[in-house]
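Structure first, commentary second.
Counting convention: from 1, in listed order, for ligands and their atoms alike. Hydrogens, waters and symmetry mates are skipped; everything else that's a heavy atom, side chains included, is used.
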Amino acid sequence: MLIISRRLQSKKLIPNNIVLTGFMGTGKSTIGKDLAKKLEMEYVDTDAFIENRVNMTIKDIFEKYGEDYFRSTEKLIIEEVSHLKNKIIICGGGVVLNKDNVMNLRKNGTIILLKAQPMTIYERLKQDYSRPILVLDGKICLEKVEALLKQREEAYRSAAHVFIQTDGRQVDEISQQIIALLYEVKN
Ligand code: S3P
């Protein structure tokens, strides 16, 4: 009997990158890491990549250099990671707002959009001040989440090959659904 490792199976069945997109707090990192384990694939987190490259936290980058600098660094990082193969790419929530980023990621990747209701996102992030985009007058408020989600909805939708609702669901269930969808997309 020929025994093929799961890593090799993944490579054959999922030669493309798996690109996880979606608003902050939709579970991209958690799901990405779970998929990496299940499929024995490596993952790249674009936010971590930026933090390593600049040697600062995202919060400090925003504070010291502003959003434009962050977005142009993010664009360079996306160009780099788009050349990779058979990786899980966990994107920051603003990545798909830039059309060049979407074009690059689509070259080698299947783009999965993780979705969640504004209240779910708010509940998950209300104590977390590491995302400057969401903090208004020192607070994270539901209205800000709702407004930003609405503003970005079309960009998220048009960039994605498939989308998955995450509210109230277990990580394992979501990952299994993504794996099933990837096989469908391939065949
Ligand atoms: C951002 C999302 C963050 C991070 C930065 C900006 C956004 O990533 O890239 O704070 O504009 O949506 P996560 O979605 O991983 O939190």
Which atoms from ligand 1 have a heavy atom of Ile58 less than 4.0 Å away?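 Matching atoms, with element in brackets: 5 (C), 10 (O).
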Judging by distance only, is a nitrogen or oxygen of [X] under 3.5 angstrom from one on ligand 1?
X      : answer
Ser130 : no
Cys91  : no
Phe70  : no

Aromatic rings Phe62 and Phe70: how do their planes relate, parallel, tilted or perpendicular, breaks at 30° and 60°?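 Plane angle between 30° and 60°, so tilted.
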Write out the residue and atom name of the closest protein heavy atom to [atom], then the distance separating them to 0.1 Å.
atom                    : value
atom 14 (O) of ligand 1 : Lys28 NZ, 2.7 Å
atom 3 (C) of ligand 1  : Asp47 OD2, 3.6 Å
atom 16 (O) of ligand 1 : Arg131 NE, 2.5 Å

Tell me the contacting part of Glu51 for ligand 1: side chain, backbone, both, or neither, using a 4.0 Å heavy-atom threshold, strictly below.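 Answer for Glu51: neither.
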Applying a 4.0 Å heavy-atom criterion (strictly less than), which segment of Arg71 is in contact with ligand 1: side chain, backbone, both, or neither?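 Just the side chain.
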For the side chain of Asn17 and the backbone of Val19, is there at least one donor-acceptor N/O pair under 3.5 Å apart?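 Looks like no, no N/O pair under 3.5 Å.
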Any donor and acceptor pair, going by atom type alone, linking the side chain of Tyr156 with main-chain N or O of Lys115 inside 3.5 Å?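 Checking the backbone N and O of Lys115 against the side chain of Tyr156, no donor-acceptor pair under 3.5 Å is found.
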For Glu173, does the CD atom sit with more than 12 other heavy atoms under 6.0 Å from it, leaving out its own atoms?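 Yes.
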Would you check if there is a donor-acceptor pair between the side chains of Gln165 and Asp167 at a distance under 3.5 Å?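 Yes, side-chain donor-acceptor contact under 3.5 Å.
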Val102 versus Ile111, closest heavy-atom pair with distance: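 The pair with the smallest heavy-atom distance is O-CD1, 4.4 Å.
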Residue pair Ile179 / Leu39, side-chain heavy-atom distance below 4.5 Å: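 Side-chain contact under 4.5 Å: yes.
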Could you check whether any heavy atom of Arg152 sits closer than 4.0 Å to an atom of ligand 1, since that is the contact criterion I want to use?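 Yes; Arg152 lies near enough to ligand 1 that a heavy-atom distance drops under 4.0 Å.
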